[in-house]
Each structure stands twice: as structure tokens, then as C-alpha cells.
Amino acid sequence: MHPSVTNVTPSDDYTLQVDFDNGERGILDMKPYLDFGVFQRLKDRNAFERVRVSFDTVEWDSGIDLDPEFVYDKCRRNGAQQGAPADA
């Protein structure tokens with residue numbers, strides 16, 4: 001079972017900073033997916049920035065969501081504790 005997402009913060013470069021309930025933090029680069037299917041809607045910066053945590057994963061207010069296993073597997077994790085600076 002993969003850790004649950006507890007916080008998500010969008011960045012200007014179409015990446016998401018994701019915090020997990022096991023204390024890990026990672027960066028999910030969404031750029032490779034923005035040319036496919038429903039994810040094309042997220043090219044609109046305003047749409048991309050309306051991301052939130054829903055249940056144990058990432059969701060946008062447009063109804064687009066990501067599988068929690070995908071989020072965890074694709075994040076570049078640094079092992080930082082939640083609340084700690086990303087470069088700690």
C-alpha cells in the first residue's frame with residue numbers, strides 16, 4: 001500500500017510538491033502528461049493551480065485526479081519530513 005497524499009502545492013513550472021503521510025515529500029513533474037487526454041485542460045495555468053488533496057490523492061476542481069500509486073511512484077522524493085524545508 002502506498003502512502004496517502006496529505007498536502008499538494010502547485011509550482012509555476014507545472015510541477016507539484018507533494019507531502020505524504022509517511023513524512024516523505026516529493027516533486028511530481030506533470031509536464032510529460034499535459035499533451036494527453038483530459039490532462040490537456042491543465043495546460044491552462046489557472047486550472048493547474050486549482051489542485052487539492054482529495055481522499056488520499058491529488059485532484060483538480062475540473063474532476064481530473066491521479067491514481068495514488070502513480071503519484072507516489074512518479075514523485076522524485078527527498079525523504080524530508082513534513083514541514084521541513086525541501087532542501088533539508
Side-chain angles (χ1 to χ4, degrees):
M1 180 161 198
H2 289 85
S4 296
V5 174
T6 59
N7 189 51
V8 62
T9 305
S11 297
D12 291 340
D13 63 352
Y14 291 100
T15 61
L16 301 172
Q17 180 174 308
V18 183
D19 295 331
F20 297 96
D21 67 354
N22 67 354
E24 289 182 292
R25 175 179 283 168
I27 301 295
L28 178 59
D29 185 357
M30 290 298 298
K31 290 183 291 296
Y33 311 104
L34 296 179
D35 287 326
F36 300 98
V38 296
F39 296 105
Q40 292 179 44
R41 293 186 230 157
L42 299 178
K43 286 182 176 180
D44 177 314
R45 171 92 41 224
N46 291 324
F48 183 79
E49 290 177 354
R50 290 191 305 269
V51 65
R52 64 179 176 256
V53 175
S54 179
F55 297 100
D56 60 352
T57 193
V58 173
E59 178 182 70
W60 284 267
D61 67 355
S62 61
I64 298 169
D65 65 351
L66 299 174
D67 181 89
E69 291 180 23
F70 173 88
V71 174
Y72 187 73
D73 289 342
K74 297 296 182 182
C75 271
R76 295 186 321 264
R77 291 181 296 282
N78 64 12
Q81 296 296 314
Q82 286 179 335
D87 57 355

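Everything quoted here is computed from the prediction, not taken from an experiment. Hydrogens, waters and symmetry mates play no part in the numbers below; they use all other heavy atoms, side chains included.
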Exercise: identify the closest heavy-atom pair between [X] and [Y]:
X: A47; Y: L42; value: O-CD2, 4.2 Å
X: L16; Y: F48; value: CD2-CZ, 3.5 Å
X: F20; Y: G26; value: CE1-N, 4.4 Å

Mind checking what makes salt bridge (Lys or Arg N to Asp or Glu O under 4.0 Å) contact with [X], not counting sequence neighbours?
X: R52; result: E59
X: D56; result: none
X: D13; result: none
X: D61; result: R50

Within the 4.5 Å heavy-atom criterion, are [X] and [Y] side-chain neighbours or not?
X: D73; Y: H2; result: yes
X: D19; Y: Q17; result: yes
X: D65; Y: W60; result: no
X: V18; Y: Y72; result: no

Does [X] belong to the same Ile/Leu/Val/Met/Phe/Trp/Tyr cluster as [Y], with side-chain heavy atoms less than 4.5 Å apart forming each link?
X: V5; Y: I27; answer: no
X: I64; Y: V8; answer: yes
X: L66; Y: V53; answer: yes
X: V58; Y: F39; answer: yes

Test ring-ring contact (aromatic ring centres under 6.0 Å, His included) applied to F70 - qualifying residues, sequence neighbours left out
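Applying ring-ring contact (aromatic ring centres under 6.0 Å, His included) to F70 gives Y33.
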
Just to verify, what does D67 make a side-chain hydrogen bond (donor to acceptor under 3.5 Å, both in side chains) with, not counting sequence neighbours?
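Checked D67 against side-chain hydrogen bond (donor to acceptor under 3.5 Å, both in side chains); zero matches.
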
Within residues 39-48 or reaching into it, pairs that qualify as side chain to side chain donor-acceptor pair (under 3.5 Å) - sequence neighbours excluded:
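Residue pairs with at least one partner in residues 39-48: D35-K43.
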
